[in-house]
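Taking it in order: structure first as structure tokens, then the write-up.
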Amino acid sequence: DGGITQSPKYLFRKEGQNVTLSCEQNLNHDAMYWYRQDPGQGLRLIYYSQIVNDFQKGDIAEGYSVSREKKESFPLTVTSAQKNPTAFYLCATADRDTEAFFGQGTRLTVV
Amino acid sequence: AQSVAQPEDQVNVAEGNPLTVKCTYSVSGNPYLFWYVQYPNRGLQFLLKYITGDNLVKGSYGFEAEFNKSQTSFHLKKPSALVSDSALYFCAVRDTGTASKLTFGTGTRLQVTL
């Protein structure tokens, strides 16, 4: 079953905690992306990676960190430095001439 | 810096009428352009893309889009709207020169009524 798997679907974070969102793909795509979606603000790019062991900041990287140790995996850590982390987080993958394929998202809520 | 503008937060259309959802973009090189649709609490579903070739691109569910280089636009169209088309639509651009960075617009909510 090919595709992109994001887990968990729902995540609750206490103030001051770091949490990690998982994104795994078996599409053999080189590029992977993390987006944050807030109502009325569309999708904002957090980080993206073109190849293993390399990644670039997107437009709103502050308070987030990523790693790309394997082609299949691109986990996102929301750190305590992110002051307003409640949002819907979407992971995507793509190859150079293809469209991006999206996971089903993780909804993160601060409690 | 690349960017995408979707000037309308919401588009309202009656079922059976044609619909247009507007998108303009800015990139330094040549663009790859995409349209996606999102239903509540779901990921994005791909509708269509422009990579190269014909300016009129046909996609899923009867949607099409026209690439206009001089106006830097990529408007989404459908000849006859359905109530089931009601959703959130996103335009996106990738600069072929930079290869990977994929930028989305803020989205346009399409509401189709009977």
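Throughout, protein chains are lettered first and strands after them, A, B, ... in sequence-line order, and every chain is numbered starting at 1.
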Any chance the side chains of Gln2(B) and Thr103(B) put a donor and an acceptor closer than 3.5 Å?
yes
Would the Phe104(B) and Tyr35(A) ring centres measure less than 6.0 Å apart?
yes
Bottom line for Gln38(B): the part with an atom under 4.5 Å from chain A's heavy atoms is side chain
Identify, with sequence neighbours excluded, every residue that meets side chain to side chain contact (heavy atoms under 4.5 Å, CB included) alongside Gln10(B).
Asn12(B), Arg109(B), Gln111(B)
Aromatic contact between Phe74(B) and Phe34(B), with the criterion being ring centroids under 6.0 Å apart: yes or no?
no
Leading residue by heavy atom contact count with chain B [cutoff under 4.5 Å; candidates Gln56(A), Arg107(A), Gln37(A), Arg44(A)]
Gln37(A)
Ile51(B) versus chain A, heavy atoms under 4.5 Å apart: side chain, backbone, both or neither?
side chain
Structural part of Leu88(B) lying under 4.5 Å from a heavy atom of chain A
side chain
Residue, of Ser49(A), Ala100(A), Ala31(A), that accumulates the most heavy atom pairs under 4.5 Å with chain B
Ala100(A)
Using a 4.5 Å heavy-atom cutoff, which residues in residues 75-91 of chain A come close to chain B?
Phe88(A), Leu90(A)
Pairs flagged by disulfide bond (SG atoms under 2.5 Å apart) wherever residues 29-60 of chain B is involved - sequence neighbours left out:
none
is_close_aromatic(Phe63(B), Tyr89(B)), centroid dist under 6.0 Å
yes
Ring centre gap for Phe67(B) and Tyr50(B) strictly below 6.0 Å:
yes
Starting from Val52(A) and following side-chain heavy-atom contacts under 4.5 Å between hydrophobic residues (I, L, V, M, F, W, Y), which residues can be reached?
none
Is there a donor-acceptor contact under 3.5 Å linking the side chains of Thr106(B) and Gln6(B)?
no
Please look at Asp30(A) and chain B and tell me whether the side chain, the backbone, both or neither of the residue comes under 4.5 angstrom of a heavy atom of that chain.
neither
